[in-house]
Amino acid sequence: MKADTRELKQVLMPPTQYVIPTFQRDYEWTEDGQWKLLFEDLVSAAERLVQARHDAQAIKKPAAMFEKMVAPHFLGAIVCDQLPSLTGGIDERAVIDGQQRLTTLMLLTRGVLDALIERDSDLVSQVHRLLWNPADLAKESHQRYKLWPRRKDRNVWRTVMDDEIVPTGNHLYEQARRFFAQQAREAMTSEDGSDRSAALVHALVGLFKLVVIDLEDNDDAQVIFEVLNGRQTPLSASDLVKNLLFLRGEFTEDSDVEELYDTYWAEFDDPWWKVEIGRGHAARGRRDVVLSAWLTAATGHEVNVGHLYGEVRNYLAVADLSTKEVLADIYAYARAYGRLHGRYPLTDDRIATAYRRINALEVVTATPLLLWLSTRSEEVLSPDEHLAAVSAVESWLMRRALVNANTRGYGRTFIEVLQAAQGAVAETGPIAAATAAALDGTGRGRWWPTDEEITESFTTRRFYDGVLSRGRIRLLLSEIDRALRARNTKTEQGQFDYDVLQIEHIMPRNWPANWPVAISDESDRVAAEQHRQQHVDRIGNLTLITGSFNGSLSDSAWDVKRPALVEQSKLQLNARIGAAEVWDESAVTARAKELSDIVTGIWRSPTEFARP
């Protein structure tokens, strides 16, 4: 980027138009909030300039020597991105940040011009050049204006800039011009009656300074914006992308951006899309996640949400797509994301179930692949093929979670799986088979655990506060219960809210109180107690209970706790637990094997996905 401190005349005198992106926020600065303070700053700068000139005159020295020492007033920064411009014409720049500041400076200048015109000042032409570009360089009528606001504000902007009579309307532009004009009238005449108009104008054009940051091709406006704003408020990458896309449509293609917005983007402005998902520094708004997934699928490489603006800009520079086509593609991904997360209905209950379980695993790196699958037409990806592909992803993720496999490298893995699936389309091959084959690669990063490995994990690993988070344990046990209910046609059918159920240790963690090891030999007893402790947090010793379960019975002996668990009969998960006469380490292991058999039926092995 190029960052320069410039006097206002250096910013506004050259033939340049500063364009406010169409979907920037409304102009919001007001008299009490900013206008009054800004004009007071201008008056202070003018007084410093008058004093410097007075001091130079007093000792008969060149005024320029003293004016060089006058402290300027810094107004902050504006960030600009170059727009396509004709050679020899008006240079056009999009204002990425600082639009409120720059707009207010233009309104202040217009108010000063009003006061100068009333005084028939010879400074009128100089100030005029700050507001309008030379007519002979303006190829379009709107290029006359140094600043060109959002589409919805352009008619009132023409009035505010052009009319010699100060407007009387209530738009903030009109109010600002009236305020600054009145303040300028008063400031141009000092208490002793002398004319201060020259000092006011010279202070405006020479002592008011801006830091102008011009982005270059490899600059990321998103990162620059965050740095300038002290990272106190996270920048929405989607807002920058939105401005980029609609500027492209408006100035490169002359599209009807209002229609494009209503058709493809208005959905994104619903509060649901602004909710952040993820944790800590990785938390991002849903629309940022969708844009990242769309671009990842479009480019075939992993897109960093933190640099989304720059990556979208690079993509648009080479993509042979109109803005309408790009927006339509993004809209399709947004609708798919909404279906995956319950905002819109999915017509196939089987696919809806698979997505629900994947979402519960919270593996966002799979999102680009899943959205790409969900945006394929049925001619390319039939519902059965879609289900097979999503089920392969679900099985791979769940089985790896059940054996505590490392998740490092998932981003790269799913990019390669996405590329394999896209390659299948290009070769008119089966997408589901390509997806499963890409997941079942070599090395630990592509390890798809077998049935035997699931059983080993169930019978040897600590699950509670170990292999799985409590949320995933609840998911696992809930799906087992659903599978058992589906198998047992005699049980009560219906929907359960599994999310409100609690995880319960059948043999309590506080087992020494009421579950003693009945061995007299001390060394044998210690070994037996250690053996028991190893089984307490295994999956075979965990179940779900409803709110009706008496919590005071959790640590009770088996003959007391057993009837309470029998009462949880609506949960098939608990049906066979209550039938056990004894609950010990052998019972825990036996149940772990039973649960493993059920789980491997829900989340199938890679060999089954390989079958035609």
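The ring-ring contact (aromatic ring centres under 6.0 Å, His included) search around W372 returns none, not counting sequence neighbours. Every residue two or more places apart in sequence or in another chain was checked for a salt bridge (charged side-chain N to carboxylate O under 4.0 Å, His left out) with K274, and none qualifies. Under the ring-ring contact (aromatic ring centres under 6.0 Å, His included) criterion, H301 pairs with no residue at all, not counting sequence neighbours. Remark: Y18 pairs with no residue by the ring-ring contact (aromatic ring centres under 6.0 Å, His included) rule, at least two apart or across chains. Listed by chain and residue number, E7 satisfy the salt bridge (charged side-chain N to carboxylate O under 4.0 Å, His left out) test with K9 (two or more places apart in sequence, or in another chain). When the salt bridge (charged side-chain N to carboxylate O under 4.0 Å, His left out) test is applied to R185, the partners found at least two apart in sequence or on another chain are E118. The salt bridge (charged side-chain N to carboxylate O under 4.0 Å, His left out) search around R6 returns D4, D214, not counting sequence neighbours.
Using a 4.5 Å heavy-atom cutoff, the side chains of V393 and L397 are in contact. Side-chain contact between V19 and R93 is absent, with no heavy atoms from C-beta onward closer than 4.5 Å. Looking only at side-chain heavy atoms (C-beta outward), Q143 and E92 come within less than 4.5 Å of each other. Between Q175 and E31 the shortest side-chain heavy-atom distance does not fall below 4.5 Å. Using a 4.5 Å heavy-atom cutoff, the side chains of Y333 and T375 are in contact. When side chains are defined from C-beta on, L260 counts as touching K324, because their heavy atoms get closer than 4.5 Å. The shortest side-chain heavy-atom distance between N314 and V318 does not fall under the 4.5 Å cut-off. Here the side chains of R286 and H341 are not in contact, with every heavy-atom distance at 4.5 Å or above.
For the residue pair L369 and A421, the shortest heavy atom distance occurs at CD1-CB, 4.5 Å. When all heavy atoms of A184 and G111 are compared, the closest pair comes out as CB-O, 4.2 Å. Closest of all the heavy-atom pairs between N133 and P15 is OD1-CA, 3.3 Å. The two residues I213 and A3 have their closest heavy-atom pair at CG1-CB, 4.0 Å. Minimum interatomic distance between L245 and T323 (heavy atoms only, all atoms of both residues): O-CG2, 3.4 Å. When every heavy atom of I90 is checked against every heavy atom of Q17, the shortest pair comes out as CG2-N, 3.7 Å.
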Begin from the C-alpha positions of K209 and L8 and carry the test side chain to side chain contact (heavy atoms under 4.5 Å, CB included) through to its verdict. CA-CA 6 Å; K209 292 188 175 182; L8 192 62; over 6 Å; no

Kindly indicate, with the supporting measurements, whether the criterion side chain to side chain contact (heavy atoms under 4.5 Å, CB included) is fulfilled by D239 and R287. CA-CA 10 Å; D239 285 334; R287 55 185 182 179; 3.2 Å; yes

Chi angles and distances behind the side chain to side chain contact (heavy atoms under 4.5 Å, CB included) call for L373, V390: CA-CA 8 Å; L373 291 170; V390 175; 4.2 Å; yes

Verdict with reasoning, R154 to H142, per side chain to side chain contact (heavy atoms under 4.5 Å, CB included): CA-CA 9 Å; R154 289 172 186 169; H142 71 269; over 6 Å; no

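Heavy atoms of other residues, nucleotides or ligands lying less than 6.0 angstrom from CG of D120 number 12 at most.
Of the possible donor and acceptor atoms, none in the side chain of D329 sits under 3.5 Å from a partner among the backbone N and O of E325. A donor-acceptor pair under 3.5 Å is formed between the side chain of T103 and the backbone N or O of Q99. Side-chain atoms of T367 come within 3.5 Å of backbone N or O of V364 as a donor-acceptor pair. Looking at D26, its side chain never comes within 3.5 Å of a backbone N or O of E28 through a donor-acceptor pair.
Using bins of under 30°, 30° to 60° and over 60° for the plane-to-plane angle, the ring pair H73/F208 lands in the tilted bin. Below 30°, between 30° and 60°, or above 60°: for W35 and F180 the angle between ring planes is between 30° and 60°, a tilted geometry. In this pair, F268 and W273 present their aromatic rings perpendicular. The plane angle is above 60°, beyond the 30 to 60° band. Using bins of under 30°, 30° to 60° and over 60° for the plane-to-plane angle, the ring pair Y410/F414 lands in the perpendicular bin.
Under the ring-ring contact (aromatic ring centres under 6.0 Å, His included) criterion, the residue pairs touching residues 94-130 are H128-W132, with sequence neighbours excluded. Listed by first then second residue, pairs satisfying ring-ring contact (aromatic ring centres under 6.0 Å, His included) with a partner in residues 74-98 number zero, not counting sequence neighbours. Screening residues 38-53 for salt bridge (charged side-chain N to carboxylate O under 4.0 Å, His left out), with sequence neighbours left out, gives R53-E67. Residue pairs meeting the salt bridge (charged side-chain N to carboxylate O under 4.0 Å, His left out) criterion with at least one partner in residues 295-305, sequence neighbours excluded, do not occur; the list is empty. Applying the salt bridge (charged side-chain N to carboxylate O under 4.0 Å, His left out) test to every pair with at least one member in residues 337-346, sequence neighbours left out, gives these pairs: E267-R343, D270-R343.
Salt-bridge formation is not detected for the pair D256/R151: no Lys NZ or Arg NE/NH1/NH2 atom is positioned less than 4.0 Å from an Asp or Glu carboxylate oxygen. The pair D114-R178 does not count as a salt bridge, with every side-chain nitrogen at least 4.0 angstrom from each carboxylate oxygen.
Aromatic ring centres of W294 and Y315: separated by under 6.0 Å.
The side-chain contact (heavy atoms from CB on, under 4.5 Å) with I96 is formed by just one residue from the set V79, I78, L244; it is V79.
Y309 and D81 share a donor-acceptor pair across their side chains, judged by distance under 3.5 Å alone.
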